[in-house]
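We name chains A, B, ... by the order of the sequence lines, and we start the count at 1 in each one. Quick note: numbers below take in every heavy atom, side chains included, and nothing from hydrogens, waters or symmetry partners.
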There are 2 protein chains.
Amino acid sequence: MRVVPELPRKDHGGRNLSTFLSTYSNKVDRKGRVSVPAAYRAALSGASFQGVIAYPSLTDLAIESFGREMLERMNQERLSRSMEGGAFEEVLLGGGNDSVVETVMAMAHELPFDGEGRIILPAALCEHAGIDDRAVFVGRGSRFQIWAPEPYAKRQADEVAKFRQRLNGGGAS
Amino acid sequence: MRVVPELPRKDHGGRNLSTFLSTYSNKVDRKGRVSVPAAYRAALSGASFQGVIAYPSLTDLAIESFGREMLERMNQERLSRSMEGGAFEEVLLGGGNDSVVETVMAMAHELPFDGEGRIILPAALCEHAGIDDRAVFVGRGSRFQIWAPEPYAKRQADEVAKFRQRLNGGGAS
DNA sequence: TGGGTATATATGGGTGTCAATGGGAACAGA
DNA sequence: TCTGTTCCCATTGACACCCATATATACCCA
């Protein structure tokens, strides 16, 4: 498939916005490399940093991921607020252990694309997600996740079952 | 890993902004030298002062750190606030005994990079953080921390546990 | 509409280069 | 002279970059 380099879209604030769609299962080679789906790469093609940010999900056995812009934006917003609000203690000491942003920053990895559009999955992340030799990329809109095949299949089935039950009180036909 | 010299990014005020990401554990050699992670150095590569500012955290057994630009920006912001607010006493006599900024300034060290991108951790800081022969660099967005391995592992686990509980009232599924 | 060809994606592997680290020589201050 | 600091060079292991291949599909042309 040939994927078109995707024109950058803007959100309300005039910032770039990438959308990740669909699910892909790719091979992890013996060096720990895995191809990021071309469609995802196309969504990030306008970004200054060619690669992704990845961190362990706090709720799932999966890796959470998005473009660097997302982090950058959170970081800037946070710092500006503190500075302009005169909250210098926050700048110097941090938000204490109450800040999700700071926790995620510490666990996040910057994964640049190689010439072929692959990334290297750090051992810590693979371990968290139980990823061995296959990685499933799951588009979640402004984010995507990376799962090991089996846990994802299970999770997917659970999600579907749950919604089916909620929507029509039992099996769709 | 080869780290790209990182293009300087600007925040709202048109100032440079560096983002510190990820966690790295580096060796402290017998001379007290530690390599600052290449990614952090890249984030500071545009700065006029090649090195970092470091001071003991007032809330954790850790060292807090960032580039000199951050200090200057904070000072400037603080000064303008005082001036514009007509708080000339503060400018001339200091913010009184409750000024975190001034307390931190006094405890801060300027640590220049050597040719290999290492810094020397002052004994006082090492002692405060309990650092012996390993230093863990923890990215917190606009700043980073330096911890001894064991206390950081504990702290990290605490943070994650707390957010997990807040998010779904229990462990990952 | 069908077939053929070009191209991009996903993948595998080799190698030069850089980051992290260690040690020694030059140097300054006490 | 002795101690501590700064600069320089050597080592090694990881990985960034290069090239090479197969498969699928987009596109062209008859």
Atom [atom1] of [X] and atom [atom2] of [N]: how far apart are they, to the nearest Å?
| X | N | atom1 | atom2 | answer |
| --- | --- | --- | --- | --- |
| Ile120(A) | dT11(C) | CD1 | P | 15 Å |
| Leu111(B) | dT5(D) | CG | P | 13 Å |
| Phe113(B) | dC8(D) | CZ | P | 17 Å |
| Ile119(B) | dT5(D) | CD1 | C1' | 16 Å |
| Asp114(B) | dA19(C) | CG | P | 13 Å |
| Leu121(A) | dA16(D) | CG | P | 13 Å |
| Tyr24(B) | dG13(D) | OH | C1' | 17 Å |

Residues 124-132 of chain B side chain polar contacts: donor-acceptor under 3.5 Å, at least two apart:
{"residue": "His128(B)", "atom": "NE2", "partner": "Ser57(B)", "partner atom": "O", "Å": "3.2"}
{"residue": "His128(B)", "atom": "NE2", "partner": "Asp60(B)", "partner atom": "O", "Å": "3.1"}
{"residue": "His128(B)", "atom": "NE2", "partner": "Ala62(B)", "partner atom": "O", "Å": "3.4"}

Hey, does [Y] have a side-chain heavy atom less than 4.5 Å from the side chain of [X]?
| X | Y | answer |
| --- | --- | --- |
| Glu69(A) | Ser18(A) | no |
| Pro112(B) | Phe49(B) | yes |
| Val52(B) | Phe113(B) | yes |

> Would Arg78(A) and Ser142(B) count as having a side-chain donor-acceptor pair, cut-off 3.5 Å?
Replying inline: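 No, no side-chain donor-acceptor pair sits under 3.5 Å.
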
Residues [X] and [Y] bridged, charged N to O under 4.0 Å:
| X | Y | answer |
| --- | --- | --- |
| Arg155(B) | Glu159(B) | yes |
| Arg143(B) | Glu90(A) | no |
| Glu72(B) | Arg68(B) | yes |

Short N/O separations, protein against nucleotides 21-25 of chain C, under 3.5 angstrom:
{"residue": "dT21(C)", "atom": "OP1", "partner": "Lys27(B)", "partner atom": "N", "Å": "3.1"}
{"residue": "dT21(C)", "atom": "OP2", "partner": "Lys27(B)", "partner atom": "N", "Å": "3.4"}
{"residue": "dG22(C)", "atom": "OP1", "partner": "Lys27(B)", "partner atom": "NZ", "Å": "3.1"}
{"residue": "dG22(C)", "atom": "N7", "partner": "Arg118(B)", "partner atom": "NH1", "Å": "3.1"}
{"residue": "dG22(C)", "atom": "O6", "partner": "Arg118(B)", "partner atom": "NH2", "Å": "3.2"}
{"residue": "dG23(C)", "atom": "OP2", "partner": "Arg30(B)", "partner atom": "NH2", "Å": "3.1"}
{"residue": "dG23(C)", "atom": "N7", "partner": "Arg33(B)", "partner atom": "NH2", "Å": "3.1"}
{"residue": "dG23(C)", "atom": "O6", "partner": "Arg33(B)", "partner atom": "NH1", "Å": "2.8"}
{"residue": "dG23(C)", "atom": "O6", "partner": "Arg33(B)", "partner atom": "NH2", "Å": "3.4"}
{"residue": "dG24(C)", "atom": "N7", "partner": "Lys31(B)", "partner atom": "NZ", "Å": "3.4"}
{"residue": "dG24(C)", "atom": "O6", "partner": "Lys31(B)", "partner atom": "NZ", "Å": "2.1"}

> Between the two ends of the helix from dT1(C)-dA30(D) to dA30(C)-dT1(D), what is the bend in degrees, rounded to 10 degrees, where each end axis spans five pairs?
Replying inline: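 One end's axis against the other's: 40°.
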
> Out of curiosity, does Val138(B) fall in the hydrophobic cluster containing Met74(A) (side-chain heavy atoms, cut-off under 4.5 Å, transitive links)?
Replying inline: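 Unlinked, Met74(A) and Val138(B) end up in two clusters.
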
> With under 30° as parallel and over 60° as perpendicular, where do the rings of Phe20(A) and Tyr40(A) fit, or are they tilted in between?
Replying inline: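 Perpendicular: the ring planes of Phe20(A) and Tyr40(A) meet at over 60°.
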
> Pro37(B) near the nucleic acid: base, sugar-phosphate alone, or nothing, with a heavy-atom cut-off under 4.0 Å?
Replying inline: sugar-phosphate

Give me the distances for all protein-to-nucleotides 28-30 of chain C N/O pairs that come in under 3.5 Å?
none

What side-chain donor-acceptor pairs closer than 3.5 Å can you find for residues 31-38 of chain A, not counting sequence neighbours?
{"residue": "Arg33(A)", "atom": "NE", "partner": "Asp29(A)", "partner atom": "OD2", "Å": "2.8"}
{"residue": "Arg33(A)", "atom": "NH2", "partner": "Asp29(A)", "partner atom": "OD2", "Å": "3.1"}

> In residues 136-148 of chain B, which residues come under 4.0 Å of DNA chain C by heavy atom?
Replying inline: none

> Would a distance-only check, ignoring hydrogens and angles, find a side-chain to backbone donor-acceptor pair under 3.5 Å from Ser65(A) to Gln145(A)?
Replying inline: no

>> Can you confirm whether more than 12 heavy atoms, excluding those of Arg140(A), are under 6.0 Å from its CZ atom?
In response: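 Counting neighbours around CZ of Arg140(A), more than 12 heavy atoms of other residues, nucleotides or ligands fall under 6.0 Å, so yes.
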
